[in-house]
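Scroll down for the structure; my scribbles are underneath it.
In what follows, every heavy atom counts, from backbone to side chain, and hydrogens, waters and symmetry copies are set aside.
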Amino acid sequence: MRLTPSFLLPEWLRSYRPADLLPDLAAGAVVAVVLAPQGMAYALLAGLPPIMGLYAATVPLLAYALAGSSRHLSVGPVAIVSLLVHVACSKVAPAGSAGYVAAALQLALLTGVLQLLLGSARAGFMVNFLSRAAIGGFTSAAAILIGMSQFKNLFGISGDGGESALELAAGVVRNLGTLHLLTTLMGLAAIGMLLLLQRFAPRFPAPLAAIVLGIPLTALLSLDKAGVRTVGDLPHGLPPLSMPPFAVDQMLTLLPAAVTIALIGYLESFAVAGLIADREKYRINPNRELVGLGIANAAAAFFSGYPVTGGFSRTAVNHRAGARTGLAGMITATLIGVILLHFTHLFHYLPKTILAAIVIVAVAGLVEAAEARYLFRVKPSDGYTFVLTFLVTLGFGVEAGIVAGVIFSLLVFIWRSAHPHIAELGWLEEEGVFRNIRRYPHAVVPRGMLLVRVDASLYFANMAFVGDWLRATLAERADVRQIIFDLSGVNDMDAVALAALEVIIEGHGERGIVVAFAGMKGPVRDLTQRAGWPEKFGKQIDFLSLNQAVRQMSTESTNSHGSSKEAATFSGPTTRPTG
């Protein structure tokens with residue numbers, strides 16, 4: 001492939017307009033104000049030094065801006081990915097240790113490589129296996145786990161946490177005796193202020209306000225000497241180059257988490273990027289998004305960061321602030337770089353309880369109770385998927401939760417595909433269409449006929465259900481002498497389904513019941529022809545439309561058995577649609 005400038009440069013940069021510069025500058029500055037405190041807070045959530053949150057908000061943003069397809073997506077540390085990092089790296093080394101930091105770098109590299117491979121293979125469709133219900137249950141439970149994991153910093157208590165809600169709650173109760181009252185009051189006050197600003201001044205950078213108030217208050221009153229834990233000294237300078245370890249055993253340990261982060265991160269990014277792109281009338285390329293995120297995570301691995309993805313709230317802030325192109329993200333990264341070069345000393349007195357408050361308020365909106373109610377109302381099976389994923393995530397941790405959600409979603413899909421909707425049809429004279437007689441009881445069913453519509457592709461797993469339905473229906477309709485399958489809702493069949501239909505044709509033919517098919521789509525008709533149906537059964541079993549099949553077979557029945565009042569009922573035009 002020839003690497004032309006148009007291939008190497010993003011679309012927004014090739015067509016950049018001077019009029020976009022000021023809006024991008026303003027939006028980049030606003031997001032930097034939000035991202036700086038969030039980045040440090042999420043790094044603490046991930047069990048990493050706060051400075052790594054700032055490192056992850058520089059080079060990865062630049063990399064995504066040049067490689068991704070969204071003009072508005074704000075890439076950087078996010079809460080759920082940070083929690084996944086903490087869970088995964090804790091299996092390798094104690095949080096905060098050199099080994100732990102090295103594991104985070106390796107996890108970023110693994111995540112980036114996976115996303116690059118998926119994007120290069122055009123495999124973005126794989127995220128479709130993560131259903132909306134499973135993701136909703138997972139994120140809701142993860143938000144609760146994230147909030148509970150911050151109680152240690154919020155209340156200033158000692159002790160370790162855990163992966164499940166029960167372990168986290170037990171750790172808090174077990175260490176209540178170490179609770180620091182001043183830290184608790186400051187943290188709760190920060191939560192109150194953040195919620196008030198979020199409610200009455202949603203465009204105001206509330207996290208920055210909490211930090212601006214908390215740092216001088218701690219410094220002037222020497223609260224750090226009174227037991228309030230602070231961030232302490234942060235190193236100066238741009239993100240240093242880093243080399244992720246390549247230990248194979250550690251890589252295998254981190255691989256499941258890397259897969260989860262790669263898919264969850266892409267899903268979160270693509271959802272919000274697509275929403276903004278629809279509003280702004282431009283196109284998101286799913287596979288380029290995977291490549292862009294993959295390059296961003298690889299950049300995080302080699303520039304002392306940790307796994308990143310696009311954030312809902314920051315992307316919304318970026319869009320509301322007027323961003324027009326990816327330059328806004330590059331401005332954000334530049335300003336974070338300026339902070340790293342000249343202003344990290346200002347964060348020495350930043351209380352960790354305020355960072356915990358920022359995380360707790362940020363994830364509170366991820367608990368989707370309304371989504372669960374909606375799913376139960378619309379599709380109960382999706383509601384149960386939501387609840388199961390939610391409970392498993394709470395009870396056993398985030399990795400078990402997402403695996404349970406995916407497995408249950410696939411089981412629901414398999415059950416649905418193995419039990420397709422089947423309708424017996426009747427004729428509505430006034431409307432001139434065939435419809436399901438269960439929904440339209442006044443629809444007329446022709447004497448001696450059974451009209452069957454299958455609303456799913458036919459394959460090995462659902463033919464037994466079709467056969468059982470047919471036998472049960474025929475047991476109640478002893479008068480049936482003709483069966484017509486309306487295949488207008490069947491997009492595909494496999495060889496097993498073809499063989500099963502042949503058994504139905506031959507078996508019922510031996511009992512004097514004629515079986516025919518109507519409305520076959522081209523690909524399905526091609527399959528029947530390759531299977532030799534015209535030679536085996538003749539062309540009279542394949543009709544272009546249900547109207548044609550009913551009229552012709554009614555005529556044949558009339559010729560064989562005399563006049564039929566029902567036969568005249570179904571003499572409408574063949575061009576009318578079927579239901």
TODO: Given side-chain hydrogen bond (donor to acceptor under 3.5 Å, both in side chains), test E535 with W533 step by step and report yes or no.
DONE: CA-CA 5 Å; E535 293 78 15; W533 278 26; over 6 Å; no

TODO: Begin with the C-alpha distance, continue with both residues' side-chain angles, and end with the deciding distance and a verdict on side-chain contact (heavy atoms from CB on, under 4.5 Å) for L45 and S149.
DONE: CA-CA 8 Å; L45 169 61; S149 71; 3.3 Å; yes

- [ ] Report the C-alpha separation of L73 and N318 in whole Å, then their side-chain angles, then the decisive distance to 0.1 Å, and conclude whether the side-chain contact (heavy atoms from CB on, under 4.5 Å) test is met.
- [x] CA-CA 8 Å; L73 188 67; N318 195 35; over 6 Å; no

Open item on the list: Run the side-chain contact (heavy atoms from CB on, under 4.5 Å) test on I80 and F138 for me, step by step, so that the C-alpha distance in whole Å, both residues' side-chain angles and the decisive distance to 0.1 Å come before the verdict.
Closed with: CA-CA 10 Å; I80 289 180; F138 170 76; 3.8 Å; yes

- [ ] Tell me, with the steps shown, if Y374 and E368 meet side-chain contact (heavy atoms from CB on, under 4.5 Å).
- [x] CA-CA 10 Å; Y374 170 81; E368 302 180 11; over 6 Å; no

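A donor-acceptor contact closer than 3.5 angstrom is absent between the side chains of S545 and N547. The closest side-chain donor-acceptor pair between T315 and S74, if any, does not fall under 3.5 angstrom. Counting only N and O atoms by type, the side chains of S69 and R283 include no donor and acceptor under 3.5 Å apart. If you check the side chains of N297 and Q115, you find a donor sitting under 3.5 Å from an acceptor.
Two residues are said to be in side-chain contact when any heavy atoms from C-beta on lie closer than 4.5 Å; S457 and M493 fail this criterion. Contact of the H508 side chain with the L470 side chain is registered, since non-hydrogen atoms from C-beta on lie closer than 4.5 Å. Under the 4.5 Å side-chain criterion, counting only non-hydrogen atoms from C-beta, N491 is not in contact with P523. Side-chain contact between L83 and V398 is present, with at least one heavy-atom pair separated by less than 4.5 Å. Side-chain atoms of R314 and V78, non-hydrogen and from C-beta on, do get closer than 4.5 Å to each other. A 4.5 Å side-chain heavy-atom check between I484 and V550 finds at least one atom pair inside the cut-off. Here the side chains of M449 and V480 are not in contact, with every heavy-atom distance at 4.5 Å or above. No side-chain heavy atom of D486 sits under 4.5 Å from any side-chain heavy atom of L451.
Closest of all the heavy-atom pairs between D492 and V524 is N-CG2, 3.9 Å. The minimum heavy-atom distance linking L110 with A258 is given by the pair CB-CB, 3.7 Å. Considering all non-hydrogen atoms of both residues, G136 and F386 come closest at C-CE1, 3.2 Å. Across all their heavy atoms, G310 and S269 have their closest contact at N-OG, 2.8 Å. Closest heavy-atom contact between Y459 and S417: OH-OG, 2.5 Å. Between L118 and N287, the shortest heavy-atom contact is O-OD1, 4.3 Å.
Aromatic ring orientation, Y440 versus H442: perpendicular (interplanar angle above 60°, classes split at 30° and 60°). Under the 30°/60° scheme for interplanar angles, the aromatic rings of H319 and H72 are found to stand perpendicular. Ring planes of H419 and W415: parallel class, angle under 30° (limits at 30 and 60°).
Side chain of E280 to main chain of A277: no donor-acceptor pair is present (N/O by atom type, distance under 3.5 Å, no hydrogens or angles). Using a distance-only test at 3.5 Å, with no hydrogens or angles considered, no donor-acceptor pair links the side chain of T389 to the main chain of G137. D494 places a side-chain N or O within donor-acceptor distance of the main-chain N or O of A497, the cut-off being under 3.5 Å. Checking side-chain atoms of R481 against main-chain N and O of V514 turns up no donor-acceptor pair under 3.5 Å.
With a 6.0 Å radius and a threshold of 12 heavy atoms from other residues, nucleotides or ligands, Y384 has its OH atom at or below the threshold. A 6.0 Å sphere centred on CZ of F396 holds no more than 12 heavy atoms belonging to other residues, nucleotides or ligands.
Separating the CZ atom in F543 from the CE atom in M553 is a distance of 6.0 Å, to the nearest 0.5 Å. With rounding to the nearest 0.5 Å, the separation of CG in N462 from CH2 in W469 is 14.0 Å. To the nearest 0.5 Å, atom CG of residue L114 and atom CG of residue L293 are 12.5 Å apart. Of the inter-residue distances, the one linking I144 atom CD1 with I360 atom CD1 reads 12.5 Å to the nearest 0.5 angstrom. I261 CD1 to I402 CD1: the interatomic distance, rounded to the nearest 0.5 Å, is 11.5 Å. The CG atom of L498 lies 9.0 Å from the CZ atom of R530; values are rounded to the nearest 0.5 Å.
Between R447 and D479, no side-chain nitrogen of the basic residue sits less than 4.0 Å from a carboxylate oxygen of the acidic one, so the salt-bridge criterion is not met. One finds no salt bridge joining K536 and E506 here, because no Lys/Arg side-chain nitrogen approaches an Asp/Glu carboxylate oxygen to under 4.0 Å. D382 has a carboxylate O that lies under 4.0 Å from a charged side-chain N of R416, or vice versa, which qualifies the two as a salt bridge. Taking 4.0 Å as the cut-off between side-chain N and carboxylate O, R438 and E424 do not count as a salt-bridged pair.
In this structure F460 satisfies the ring-ring contact (aromatic ring centres under 6.0 Å, His included) test with no other residue, sequence neighbours excluded.
For the pair R71 and Y282, the cation-pi criterion (under 6.0 Å, within 45° of the ring axis) is fulfilled.
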